[in-house]
Amino acid sequence: MNENVSLALTSSRSTLGGLPQRLVQDGVVDESGMHAAISAASMKKTSFVTQLIAAGAATARDIAITASSEYGVPIFNLDALTVDLDTVRVVSDKLLAKHRVLPLFKRGKRLFLGVTDPTNLHAIDEIKFQTGLAVDAIVVEDDKLQRILDKAIEQVDATMPSLGDEDGMELDALEVSGGDDEAGTEVSRDDVEDAPIVRFINKIMLDAIRKGASDIHFEPYEKTFRVRLRMDGVLKEVAQAPVQLAGKISARLKVMSRLDIAERRVPQDGRIKMRLSKTRAIDFRMSTCPTLFGEKIVLRILDPSSAMLGIDALGYEPFQKELYLKYLAKPQGMILVTGPTGSGKTVSLYTGLHILNKEDTNISTAEDPVEINLPGVNQVSVNNKVGLTFAAALRAFLRQDPDVVMVGEIRDLETAEIAIKAAQTGHLVMSTLHTNDAPQTLTRLVDMGVKPYAIATSVSLIIAQRLARRLCPHCKHLVDVPAEALRKEGFQEKDIPEIKIYGPKGCPSCTDGYKGRLGLYQVMSVTESIGRLIMAGGNAIDINDQAIKEGVWDLRRSGLEKVKAGLTSLEEINSVTLE
């Protein structure tokens, strides 16, 4: 038995090499911690050094000292560095982000590169090839490297006129196509106004994807032209361009989306597809609007991967998730998702469609426009100009043997009545409405003119939702809130002594103390008692009172539970859920 254990340990050690092996041998980190870090790094496609530090298995300083000693590479304190943007630009953003390295100095034909793992020869070779320079590695601390690297890339991105030739070559080579009728056709090089404009726009779009932004705003004013990104629901200015270039930027974006560049008097809508690699492409939905000093253009970023997150990543409470899955499994009925623009309704619907998307299920969707391409689903983009309305698409679907029908939005009585008839005749129908909560959705349908008995017998489940910013796990801190204040906020008396309230602080890893967003949900099934209320002419308040009696959490309760769990702040929940 002892021999077997010894052999297993020897075999385990043999899988380690380079810096990981030395860190284990020197006792900086134990072997199990190292294997866990390497495994996590492989799954998250990041550095094992970052994983060691994040897990608290070792400090950045200890790792840097060990690496310097083992490989005879000098160590450099990044606190003493004044970042030279011209040096940073020597290496493309793509390689900087891929290998997490920082160009420190350039002396003639020699580049001194800050690294956390000097054995990463692949990174050094790639940078040698891209820059044509000799590269010398210098060890730096991982946490300081990430902070300075993010700041340096952001500064480079915001300085349009200084884009280097290397970036220009890479950005010019991006494959971009646009327009619903000509999707897949590469934009002609004759349509490109001039190279700096092309590089500037492509860099802004790539930066928005890298930062996880949801929208890009190009805004012309009398004396300035600014670019803002919406990240975690909040707009942040990321760049400014000379106001004289506003017309060229607008024209370039219109060329990319196949819009009429001569028409500046009326709004236009278009679409851009940017192919990042052979396996990944990002769609942008583009909207133009004439303003006093030119056209404001907004790009909505549509990432297909957001629909593949899975239901567990959306933030449902366990009982809410079970209820959603229960009604998804039913062969007929109507599931409605409601909330304001930008509350994540599309992702919730597509998550449900992804669960239902099987070989034996015929799914058809009508959307305005189709936001996310989902293979296996028959998607129709409505076009009111030619008569292809939601109602017309629904009628066509019902003649094509559907199992599941998704309508992007119920906007009028005609669409509502067809959808309800479909839900009553053996089809599962999914759609959205713009209301504040689940009970108001039922009364909204009555206001549209739908008969109460039809609502009671067809609508199965209503999900109202909002998105709240998630506290950064690296810098969130405890805040002292008096018990009386917690009572006024709506916390239950029994929970108050145990509640720990966290607030935002802000660090290099986040935006104002928040990183990412989470969903708040009100998941209400239309039970027999709620159905009776609808048919009796009950209002939204009556329906809400009955739902609470049946254990349905409203959006406020859902938000307070997220605060109790330490996931978000009380201020954020108040901004999202208070009327």
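Computation of the quantities below employed the complete heavy-atom set of this structure, encompassing side-chain atoms and omitting hydrogens, waters and symmetry-equivalent molecules. Note that the numbering runs from 1 along the sequence shown for the chain.
Using a 3.5 Å distance cut-off with no hydrogens or angles, the side chains of T577 and R556 do pair a donor with an acceptor. Residues S348 and Q465 bring a donor and an acceptor atom of their side chains to less than 3.5 Å of each other. A side-chain donor-acceptor contact under 3.5 Å links S569 and Y514.
A donor-acceptor contact shorter than 3.5 Å links the side chain of Y521 to the backbone of L314. Between the side chain of D269 and the main chain of R285, no donor-acceptor pair closer than 3.5 Å is present. Of the possible polar contacts, none joining the E141 side chain to the L78 backbone as a donor-acceptor pair under 3.5 Å is found. Here the side chain of S343 pairs a donor or acceptor atom with the backbone of P340 at under 3.5 angstrom. A donor-acceptor pair is defined here as one N or O able to donate and one able to accept, closer than 3.5 Å; such a pair exists between the side chain of Q320 and the backbone of E317. No side-chain donor-acceptor contact under 3.5 Å links T351 to the backbone of I311. Here the side chain of T568 pairs no donor or acceptor atom with the backbone of R470 at under 3.5 angstrom. Using a distance-only test at 3.5 Å, with no hydrogens or angles considered, a donor-acceptor pair links the side chain of K476 to the main chain of G566. When atom types are taken as modelled, the side chain of Q379 and the backbone of L374 share a donor-acceptor pair closer than 3.5 angstrom. Under the 3.5 Å distance criterion, the side-chain polar atoms of K345 are matched with a main-chain donor or acceptor of G339.
Between D136 and L111 there is no side-chain heavy-atom pair separated by less than 4.5 Å. For the pair L349/T432, a side-chain contact is recorded, criterion being any heavy-atom separation below 4.5 Å from C-beta on. Put simply, the side chain of M205 reaches to within 4.5 Å of the side chain of L299, judged on heavy atoms. Contact check for P242 versus T224: no side-chain heavy atoms found under the 4.5 Å cut-off. Using a 4.5 Å heavy-atom threshold, the side chains of M286 and L253 count as touching. Put simply, the side chain of M256 reaches to within 4.5 Å of the side chain of N202, judged on heavy atoms. Residues I301 and S214 have side chains not in contact (no heavy-atom distance under 4.5 Å, counting atoms from C-beta outward). With a 4.5 Å cut-off on side-chain heavy atoms, V139 and I63 do not count as touching.
In terms of heavy-atom proximity, K106 sits nearest to T87 at N-CG2, 4.2 Å. Between G108 and L133 the shortest heavy-atom distance is O-CD2, 4.4 Å. Across every non-hydrogen atom of A137 and V115, the tightest pair is CB-CG2, 4.0 Å. Nearest heavy atoms, T338 versus D437: CG2-O, 4.1 Å. Heavy-atom minimum distance, V140 versus A64: O-CB, 4.1 Å. Across all their heavy atoms, L467 and G519 have their closest contact at CD2-CA, 4.0 Å.
The pair E237-R228 does not meet the salt-bridge criterion, since no charged nitrogen lies less than 4.0 angstrom from a carboxylate oxygen. A salt bridge links K236 and D512; the closest N-O separation between the charged side-chain nitrogens and carboxylate oxygens is under 4.0 Å. Between R517 and E572, none of the side-chain N atoms (NZ, or NE/NH1/NH2) sits under 4.0 Å from a carboxylate O, so this pair counts as no salt bridge. Taking a cutoff of 4.0 Å between a charged side-chain nitrogen and a carboxylate oxygen, K254 and E263 do not qualify as a salt bridge. Ionic pairing of D283 and K273 is present here: one or more N-O contacts between side-chain nitrogen and carboxylate oxygen are shorter than 4.0 angstrom. A salt bridge links K211 with D207: the closest approach of a Lys/Arg side-chain nitrogen to an acidic carboxylate oxygen falls below 4.0 angstrom.
The neighbour count for R264 CZ, taken as heavy atoms of other residues, nucleotides or ligands under 6.0 Å away, does not exceed 12. The 12-atom threshold is exceeded at NZ of K144, counting heavy atoms of other residues, nucleotides or ligands nearer than 6.0 Å. Residue Y221 places its OH atom among more than 12 non-hydrogen atoms of other residues, nucleotides or ligands, all under 6.0 Å distant.
Expressed to the nearest 0.5 Å, how far CG of L567 lies from CG of L520 amounts to 10.0 Å. The CG atom of L206 sits 13.5 Å away from atom CZ of R199, with the distance rounded to the nearest 0.5 Å. From L235, atom CG reaches atom CZ of R230 across 4.0 Å, with rounding to the nearest 0.5 Å. Q522 contributes atom CD, which lies 9.0 Å from atom OG of S558 (distance to the nearest 0.5 angstrom). The distance from the CG atom of L229 to the CZ atom of R210 is 10.0 Å, given to the nearest 0.5 Å. Taken from CZ in R252 to CD1 in I297, the straight-line distance is 12.0 Å, to the nearest 0.5 Å.
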Decide yes or no on side-chain contact (heavy atoms from CB on, under 4.5 Å) for F225 and V227, but give the supporting numbers first.
-> CA-CA 7 Å; F225 184 94; V227 181; 4.2 Å; yes
- request: Could you walk me through whether S575 and E571 pass the side-chain contact (heavy atoms from CB on, under 4.5 Å) test, one step at a time?
  value: CA-CA 6 Å; S575 71; E571 295 84 357; over 6 Å; no
Would T288 and Q268 satisfy side-chain hydrogen bond (donor to acceptor under 3.5 Å, both in side chains), going step by step from the backbone distance to the final call?
CA-CA 5 Å; T288 75; Q268 297 185 69; 4.8 Å; no
task = Evaluate the side-chain contact (heavy atoms from CB on, under 4.5 Å) criterion for residues L113 and I138: first the C-alpha distance (whole Å), next the side-chain angles of each, then the deciding distance (0.1 Å), finally the verdict.
result = CA-CA 6 Å; L113 195 68; I138 297 179; over 6 Å; no
(Q) Pair F218, I204 - check side-chain contact (heavy atoms from CB on, under 4.5 Å), show working. (A) CA-CA 10 Å; F218 295 88; I204 290 292; 4.0 Å; yes
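For D368, the side-chain contact (heavy atoms from CB on, under 4.5 Å) criterion is met by V382, F390, R411, not counting sequence neighbours. Under the rule for a side chain to side chain donor-acceptor pair (under 3.5 Å), the partners of R300 that lie at least two apart in sequence or sit in another chain are D215.
Remark: K321 is not positioned above the aromatic ring of Y316, lacking an NZ or CZ atom under 6.0 angstrom from the ring centre and at most 45 degrees off the axis.
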